[in-house]
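Encoded as structure tokens, the structure appears first; notes follow it.
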Amino acid sequence: MQKINIVCIGKIKEEFYRAALFEYLKRLSRFAKVEVKELQEGKNLEEESASVLRNLKGFTIALCIEGKKLSSEGLAAEIKRVCDRGEELTFVIGSSCGLAQSVKDAANLKLSFSDMTFPHQLMRVVLAEQIYRAFMINSGSEYHK
């Protein structure tokens, strides 16, 4: 079974975000073992980066506004490529201040979901949904239209 890590800074405070995230993690459980690692917020990005870098495993995708934009099909293809190699996959979501350059440099892929800025807690839900969508696309399901 595919191993996926979602490494993020801080905890989700709002119950509605937790409930939405849990729903997509539950759906994903038939395709992958997903672990969400919530790291403690630091005084600055450099302090946070040390903790993030220790938790990077396998093929790493850092979410950042200057990253590459992919369609849902493009993300599905990227995930399939990693899965086909049997590699662990780690997604990184920064704090409200973003990600340190050292984390971005350590990533195999920098990914942007939009030119807009989203709350980092909401981004966990959006990311989980898109990972789920990618597995559904790769399985030939009609979920993605």
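Worth knowing before you read on, the calculation uses all heavy atoms, side chains too, and leaves out hydrogens, waters and symmetry mates.
At most 12 heavy atoms of other shown residues, nucleotides or ligands fall within 6.0 angstrom of atom CD in Gln40. In this structure, Met1 places its CE atom where more than 12 heavy-atom neighbours from other residues, nucleotides or ligands lie under 6.0 Å away. Environment of CZ in Phe22: sparse, with no more than 12 heavy atoms of neighbouring residues, nucleotides or ligands closer than 6.0 Å.
Comment: Arg27 engages Glu23 in a salt bridge, judged by a side-chain N to carboxylate O separation of less than 4.0 angstrom. Glu41 and Lys11 are not joined by a salt bridge, as no carboxylate oxygen comes within less than 4.0 angstrom of a charged side-chain nitrogen. Taking the charged nitrogens against the carboxylate oxygens, Glu35 and Lys3 do have a contact shorter than 4.0 Å, which makes a salt bridge.
Using a 4.5 Å heavy-atom threshold, the side chains of Phe135 and Cys83 count as touching. Using a 4.5 Å heavy-atom threshold, the side chains of Ile9 and Glu38 count as separate. Side-chain atoms of Cys64 and Val103, non-hydrogen and from C-beta on, never get closer than 4.5 Å to each other. Between Lys33 and Ile4, the closest side-chain pair of non-hydrogen atoms is not below 4.5 Å. At a threshold of 4.5 Å between non-hydrogen side-chain atoms, the residues Phe91 and Cys8 do not count as touching. Looking at heavy atoms from C-beta onward, Phe113 lies in side-chain contact with Met123 at the 4.5 angstrom threshold.
Residues satisfying the side chain to side chain donor-acceptor pair (under 3.5 Å) test with Glu46, not counting sequence neighbours, are none. When the side chain to side chain donor-acceptor pair (under 3.5 Å) test is applied to Ser71, the partners found at least two apart in sequence or on another chain are Glu73. With sequence neighbours excluded, the residues forming a side chain to side chain contact (heavy atoms under 4.5 Å, CB included) with Ala106 are Leu53, Leu56, listed by chain and number.
A donor-acceptor pair under 3.5 Å links the side-chain atoms of Arg18 to the main chain of Ile12, judged by distance alone. Remark: the backbone N or O of Met136 is paired with a side-chain donor or acceptor of Ser139 at under 3.5 angstrom.
With Ile61 as the partner, the side chain to side chain contact (heavy atoms under 4.5 Å, CB included) test is satisfied by one option alone out of Leu127, Leu89, Asn108: Leu89.
Taking the six-membered ring for Trp and thresholds of 30 and 60 degrees, Tyr132 and Phe31 have ring planes inclined between 30 and 60 degrees apart.
The structure places CD1 of Ile65 at 7.0 Å from OG of Ser114, a figure rounded to the nearest 0.5 Å.
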